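Residue numbering restarts at 1 for every chain, and letters A, B, ... go by the order of the sequence lines. All values reported here derive from a predicted model rather than from experimental measurement.
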Amino acid sequence: QSVLTQSPSVSGAPGQRVTISCTGSSSNIGAGYDVHWYQLLPGTAPKLLIYGSKNRPSGVPDRFSGSKSGTSASLAINGLQAEDEADYFCQSYDTSLGGFVVFGGGTKLTVL
Amino acid sequence: QLQLQESGPRLVKPSETLSLTCTVSGGSIGRSSYYWAWIRQSPGKGLEWIGTIFSSGSAYYNPSLKSRVTISVDTSKNQFSLRLNSVTAADTAVYYCAREETRTRELDQWGQGTRVTVSS
């Protein structure tokens, strides 16, 4: 049971827009902590896609964007491409139990 | 270009201790603007944060693993290490080391990961 909740799967056709949500609580996202997003492709290292809820590291296409409101955050992918098919995880920080890093359960994106 | 590389035994027997080392190249582990973390992904499951260590040697751990985990750092070798004792099959996973930004806490650089199997 992950501290942050994500839908298990989402799908979209090439060129479409999809959003992936991440729901937390008052002890993590709702407490003002940043949300970060990662892309996991099989056999490769996780890649940071979005940090600080809405910022893209150098090299990440602007098709990827992030937002945060209240106790939730979202990752949007515009102009879906076949290479975007991957697992996506959100991450934040939780102040309960002394404070610790928390992840969402992950969302599998399928490009139809 | 910063690189992280995990190393250690790929097979560990139940009840024994899992030990992994992360070697950092292309940057100093002693740089104060970063922390250093271990994360794992069990088969079919999501990412799980194990713990984080500061270059000073202070560490904090996932509450669910705290009783079995020790993370240490060796700045002279530019390495940090993970020890997880009393392992069971549930500890079978891909283990990643990563760099954690101190202020906003994102994990901005990752190792490739190493698969560790707990089995007799």
(message) Is A:Leu40 in contact with chain B via its backbone, its side chain, both, or neither, using a 4.5 Å heavy-atom distance?
(response) side chain
(message) Report which part of A:Pro57 has an atom under 4.5 Å of a heavy atom belonging to chain B: side chain, backbone, both, or neither.
(response) neither
If you group Ile, Leu, Val, Met, Phe, Trp and Tyr by side-chain heavy-atom gaps below 4.5 Å, do [X] and [Y] land in one group?
X: B:Tyr35; Y: B:Leu82; answer: no
X: A:Tyr93; Y: B:Leu107; answer: yes
X: A:Val101; Y: B:Val94; answer: yes
X: A:Leu41; Y: A:Leu75; answer: no
X: B:Val73; Y: B:Trp49; answer: no

(message) I'd like to verify something: which residue of B:Asn62, B:Asp108, B:Leu47 has the highest number of heavy-atom pairs under 4.5 Å with chain A?
(response) B:Leu47
(request) Hey, could you give me each pair passing side-chain hydrogen bond (donor to acceptor under 3.5 Å, both in side chains) that has a residue in residues 52-66 of chain A? Not counting sequence neighbours. (result)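 Sorted pair list: A:Arg63-A:Asp84.
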(request) Could you check whether the rings of B:Trp110 and A:Tyr38 sit parallel, tilted or perpendicular, using 30° and 60° as the cut-offs? (result)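 Perpendicular.
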Minimum heavy-atom distance between [X] and [Y], given as atom pair plus value:
X: B:Arg105; Y: A:Gln91; result: O-NE2, 3.0 Å
X: B:Tyr60; Y: A:Phe100; result: CE1-CA, 4.0 Å
X: B:Ile39; Y: A:Phe103; result: CG2-CE1, 4.0 Å

Which atoms of [X] are under 4.5 Å from chain A, going by heavy atoms: the side chain, the backbone, both sets, or neither?
X: B:Glu100; result: side chain
X: B:Leu4; result: neither
X: B:Gln41; result: side chain

(request) To the nearest 0.5 angstrom, please state how far the CG atom of A:Leu97 sits from the NZ atom of B:Lys66. (result) 9.5 Å
(message) Heavy-atom pairs under 4.5 Å with chain B - which of A:Gly52, A:Pro46, A:Ser92, A:Gly104 has more of them than the others?
(response) A:Pro46
(request) Just give me the residue among A:Tyr51, A:Tyr33, A:Phe89 that pairs up with chain B most often, heavy atom to heavy atom, under 4.5 Å. (result) A:Phe89
(message) If we ignore hydrogens and angles and just use 3.5 Å, is the side chain of B:Glu106 paired with the main-chain N or O of A:Asp34 as donor and acceptor?
(response)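 It does not hold such a pair.
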